[in-house]
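Working notes, beginning with the structure itself.
Ligands are counted one by one from 1 in listed order, and the atoms in each one are counted from 1 as well. The first residue of the sequence shown is numbered 1, and numbering continues consecutively from there. Note that this is a predicted model, so its numbers are computed, not measured.
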Amino acid sequence: MIIAYALFAVMLGLVIGSFLNVCIHRLPLRESIVWPASRCPHCRAEIGAGDNIPVFSYLMLRGRCRACGAPISLQYPIIELATGVIFGGAFLLFAPPLLYARLVFACAMIVLFVIDLEHRILPDRITLPGIALGFVLSFFLPPGWRDSAIGLVLGGGSLWLMGEIYFRVRGEEGMGFGDVKMLAMIGAFLGWKLMLLTLVLSSFIGSVVGVGMIALKRGDMKYALPFGTFLAVGALIAAAIGDRLVSWYASFYY
Ligand SMILES: [Zn+2]
C-alpha cells in the first residue's frame, strides 16, 4: 500500500516537474507560465500533448524535437525525475495538510535552484509571494506564526547583514538581494530554527563544492557559486530532516 502511495506521488511529481520546467524556462524571460503551449526552442514547433509526457516522451523521441530533430536539453527529464523523487520522499515524510505546504515549498526551491544556477537571479515573482504564503500558512501549520515571523525577519536580516559586512570588507557586492528574499521565504515557511539550519547546511555544501571545483580547476570559486542554488539544497534537506537534526542537537544541551 505504501509503495502504491509513493508511486502515485512520484508520478504526480513527474507531471509537476514538467510544469516546473516551463516556469524555469519562462520566468527569467518574464513570459507567462500558463500561455502559450510549449514550443521547441529551436524551430518553434508546438509540442503536442503526446510528446509532452514527462521523461517518457524524452526517451521515446531519443532527446530530439519531432519536427526539426534539434536536441532537447537533458535538463528537462532530469528536473522531472528530481521532482518525482522529491515528491515521493515528501509523501513518505509528511501527512496532509503540512504535506501540501511542503510540496509547494519544494517546487519553489527546485525552480530557484535552476534559475539561479543558469541566470544568477532569484525572481521576485517566486520569492515575494513565497514570503507571504509561508507566513499565512504558518497560522494553520507548523512552524506556527511566531517561529515563521522570526524566521522571516531573521532570515532576511542576517543575509542582508552578511552582504553589508562583505561589501564593507571586500568593497564589492557579495550577495544580491535575491538571496535575502529567498532566505526570508525559507524562514517564513520553515521557521527560524530550520532557517538557521538551512544557512549552515548551504554554507557547508557550498564550501565543499567550491573546494572541489578549485581542486578540479573548474574556475574561480566566487563566480562558480550562485548562493541561491545552495540555499535551495540546504532548505530541502532542512525541510525533510531538519526537525530531527535540531532535536538531536538540542539533546546535548537539555
Ligand atoms: Zn524543433
**OP:** Report yes or no: does Ser138 contribute a side-chain atom to a donor-acceptor pair with the main-chain N or O of Arg146 at less than 3.5 Å?
**Re:** no
Subject >> From Trp145 atom CH2 to Asp147 atom CG, the distance as rounded to the nearest 0.5 Å >> reply: 10.5 Å
Original post:
Should the ring pair Phe91 and Tyr5 be called parallel, tilted or perpendicular, given that the plane angle runs from 0 to 90° and is split at 30 and 60?
Top reply: perpendicular
**OP:** Answer yes or no: is there a donor N or O on one side and an acceptor on the other, between the side chain of Ser57 and the main chain of Pro54, under 3.5 Å?
**Re:** no
Original post:
Are the side chains of Met195 and Leu190 in touch, meaning some heavy atoms are under 4.5 Å apart?
Top reply: no
Original post:
Which protein N, O or S atoms does the Zn ion (ligand 1) have within a distance shorter than 2.8 Å?
Top reply: Cys40 SG, Cys43 SG, Cys65 SG, Cys68 SG
Original post:
Would one find more than 12 heavy atoms of other residues, nucleotides or ligands at under 6.0 Å from atom CD1 of Ile3?
Top reply: no
